[in-house]
There are 2 protein chains.
Amino acid sequence: MKSYMQILRKKNIKPTIHRIKVLEYLDKNRVHPSADEIYKSIKEYFPTISRATVYNTLNLLSENKIVEEIITPDALRYDFVEKQHHHFYCTECRKVYDIHAELPELEIDEVEGHKVMSVQYCIVGICKECLEKTGGGFK
Amino acid sequence: MKSYMQILRKKNIKPTIHRIKVLEYLDKNRVHPSADEIYKSIKEYFPTISRATVYNTLNLLSENKIVEEIITPDALRYDFVEKQHHHFYCTECRKVYDIHAELPELEIDEVEGHKVMSVQYCIVGICKECLEKTGGGFK
DNA sequence: TATAAATTTATACTTTGTCAATATTTATAT
DNA sequence: ATATAAATATTGACAAAGTATAAATTTATA
């Protein structure tokens with residue numbers, strides 16, 4: 001069993017119950033949820049947690065690279081970081097898919113004078129499932 | 001002088017005054033504005049335009065690849081498309097910079113069964129200017 | 001000119017995220 | 001163990017970003 005407390009301690013983050021719950025939720029629900037989805041889900045079995053705590057915690061976790069912040073054309077999504085992979089965003093159903101295909105990597109820490117903290121591919125399109133539903137009848 | 005009407009007609013989009021104004025604004029203000037910034041600016045000299053029209057128009061233009069939608073950790077930004085380049089987002093000042101450096105290109109129209117409409121790099125970090133202001137004192 | 005189609009407006013609403021003040025919990029020193 | 005300080009969490013208000021819908025206006029077409 002994973003020790004969320006250890007993961008947090010390793011980064012010098014005090015492992016409060018809320019932080020552990022958010023981390024556990026992301027580990028066990030690999031569906032790239034938004035902050036609000038995380039908030040609502042945790043609230044169900046842990047009703048005193050507040051929205052601001054979830055937002056604060058997600059920022060803290062992603063600053064410390066314990067979770068990854070995924071940029072999409074709508075809200076930010078979050079993913080428990082294990083190994084490097086990419087994401088595909090479907091404009092129809094708004095789901096985010098993991099992409100394990102090998103894509104050219106971009107390992108830079110500086111570009112044109114700017115300090116780079118992270119680089120993501122944003123692959124946007126229409127997912128397999130949505131294509132099947134309509135027979136590819138999107139334009 | 002550029003003919004915005006022609007650009008629109010080429011894509012079979014009826015060139016209404018609002019659409020021309022939005023396109024003109026993006027052409028003449030290459031600062032990667034958000035939809036709301038565009039709305040407010042146009043409204044100043046063209047006060048009857050409505051917010052929904054700007055949002056509708058931007059969606060129409062980006063679906064037709066006349067403008068590019070730039071994904072950032074906060075709002076969507078828009079850019080008049082001329083030649084392919086990348087973008088850098090500063091988490092401090094929230095400005096978006098054009099990046100003309102050569103980055104490995106990813107020309108795919110399909111990945112793991114999903115249909116790809118567009119691929120962007122999202123380069124996130126702290127920009128030159130903000131670094132200078134603080135002597136690089138960000139963590 | 002009448003009608004239909006496309007576009008725009010206005011407004012209300014939802015979602016997403018931030019902020020600030022207060023309250024609670026935890027850690028530290030006495 | 002208790003007082004104090006520091007760190008966290010809560011609440012609620014707020015702001016920004018974007019969507020939806022119905023009504024109004026404009027444009028195209030018969």
Side-chain angles (χ1 to χ4, degrees), chain A residues 4-5 8-9 11-23 25 32-44 46-64 66-67 69-78 89 91-96 124, chain B residues 4-5 8-9 11-23 25 32-44 46-64 66-67 69-78 89 91-96 124:
Chain A
Y4 303 111
M5 284 182 63
L8 294 169
R9 283 222 186 85
K11 300 276 186 169
N12 277 314
I13 297 169
K14 201 182 292 176
T16 68
I17 183 65
H18 304 90
R19 289 168 179 171
I20 291 170
K21 285 292 165 192
V22 169
L23 196 48
Y25 182 83
H32 315 100
S34 68
D36 236 57
E37 281 162 13
I38 297 167
Y39 166 65
K40 281 172 189 152
S41 300
I42 293 181
K43 205 174 167 58
E44 274 177 37
F46 199 81
T48 68
I49 200 167
S50 82
R51 184 184 305 267
T53 297
V54 172
Y55 277 89
N56 289 341
T57 299
L58 287 169
N59 284 333
L60 188 64
L61 294 179
S62 60
E63 274 162 23
N64 282 277
I66 297 173
V67 306
E69 203 177 70
I70 305 168
I71 299 168
T72 81
D74 53 83
L76 289 178
R77 308 294 185 84
Y78 294 90
Y89 173 86
T91 54
E92 288 301 313
C93 64
R94 301 169 146 224
K95 270 210 281 276
V96 171
V124 177
Chain B
Y4 303 111
M5 284 182 63
L8 294 169
R9 284 223 186 84
K11 300 275 187 171
N12 277 312
I13 297 169
K14 200 182 290 176
T16 68
I17 182 67
H18 305 87
R19 289 168 180 171
I20 290 169
K21 285 290 165 195
V22 170
L23 196 49
Y25 183 83
H32 315 100
S34 68
D36 235 58
E37 280 163 13
I38 296 167
Y39 165 66
K40 282 172 189 152
S41 300
I42 292 181
K43 204 175 167 58
E44 273 178 38
F46 199 80
T48 68
I49 200 167
S50 83
R51 185 183 304 268
T53 297
V54 173
Y55 277 89
N56 289 341
T57 299
L58 288 169
N59 284 334
L60 188 65
L61 295 179
S62 57
E63 274 161 24
N64 282 279
I66 296 171
V67 306
E69 202 176 70
I70 305 168
I71 299 169
T72 81
D74 53 85
L76 289 177
R77 308 294 186 82
Y78 294 89
Y89 173 86
T91 54
E92 288 302 312
C93 63
R94 300 170 147 221
K95 270 211 280 276
V96 170
V124 177

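First the proteins, then the strands, lettered A, B, ... as listed; each starts at 1.
B/Tyr78 places its OH atom 6 Å from the P atom of D/dG18, with the value rounded to the nearest Å. If you measure from atom CG of B/Asp74 to atom P of C/dC19, you get 12 Å, rounded to the nearest angstrom. Rounded to an integer number of Å, the gap from B/Arg77 CZ to D/dA16 P is 14 Å. Taking atom CZ on B/Arg94 and atom C1' on D/dA15, their separation rounds to 11 Å, with Å as the unit. Taking atom CG of B/Leu60 as the reference point, atom P of C/dA6 lies 13 Å away to the nearest angstrom. In this structure, CG of B/Leu58 is placed 15 Å from C1' of C/dT8, rounded to the nearest angstrom. The separation between A/Tyr55 atom OH and D/dA13 atom C1' is 15 Å, rounded to whole Å. At whole-Å resolution of the value, CG in B/Leu76 and C1' in D/dT19 are 13 Å apart.
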When the side chains of residues 11-19 of chain B are checked against the rest of the protein, which donor-acceptor pairs come out under 3.5 Å, sequence neighbours left out?
| residue | atom | partner | partner atom | Å |
| --- | --- | --- | --- | --- |
| B/Lys11 | NZ | B/Asn64 | O | 3.1 |
| B/Thr16 | OG1 | B/Arg19 | N | 3.3 |
| B/Arg19 | NH1 | B/Lys14 | O | 2.9 |

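In terms of the side chain to side chain donor-acceptor pair (under 3.5 Å) criterion, residue partners of B/Arg51 (sequence neighbours excluded) are, by chain and number, B/Asp36. Annotation: side-chain contact (heavy atoms from CB on, under 4.5 Å) contacts of B/Ser41 (sequence neighbours excluded): B/Tyr25.
When all heavy atoms are compared, the tightest approach of B/Ile71 to A/Val124 is CD1-CG2, 4.0 Å. Of all the heavy atoms in A/Thr72 and A/Ala75, the pair that sits closest is OG1-O, 2.8 Å. B/Pro33 and B/Ile38 get closest at one heavy-atom pair: CG-CG1, 3.6 Å. Nearest approach of A/Ser50 to A/Tyr39, heavy atoms of both residues: C-CE1, 3.5 Å.
With rounding to the nearest 0.5 Å, the separation of OG1 in B/Thr57 from CD1 in B/Ile49 is 6.5 Å. In this structure, NZ in A/Lys95 is found 10.5 Å from CZ in A/Arg77, a value given to the nearest 0.5 Å. Distance check, rounded to the nearest 0.5 Å: CG of B/Leu58 to CD1 of B/Ile66 gives 11.5 Å. To the nearest 0.5 angstrom, B/Tyr4 atom OH is 12.0 Å from B/Leu61 atom CG.
Nearest nucleotide to the side chain of B/Lys14, out of D/dT8, D/dA28, D/dT19: D/dA28.
A heavy atom closer than 4.0 Å to some atom of DNA chain D occurs in no member of residues 32-41 of chain B.
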Could I get a table of every N or O pair under 3.5 Å where one atom is in the protein and the other is in nucleotides 9-12 of chain D?
| residue | atom | partner | partner atom | Å |
| --- | --- | --- | --- | --- |
| D/dA9 | OP1 | A/Thr16 | OG1 | 2.5 |
| D/dA9 | OP1 | A/His18 | ND1 | 3.1 |
| D/dA9 | O3' | A/His18 | NE2 | 3.2 |
| D/dT10 | OP1 | A/His18 | NE2 | 3.1 |
| D/dT10 | OP1 | A/Thr48 | O | 2.8 |
| D/dT10 | OP2 | A/Ser50 | N | 3.1 |
| D/dT10 | OP2 | A/Thr53 | OG1 | 2.6 |

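Scanning DNA chain C for stems, defined as runs of 3 or more consecutive Watson-Crick or G-U wobble pairs whose donor-acceptor distances all fall under 3.5 Å, gives the following ranges: C:1-30 with D:1-30.
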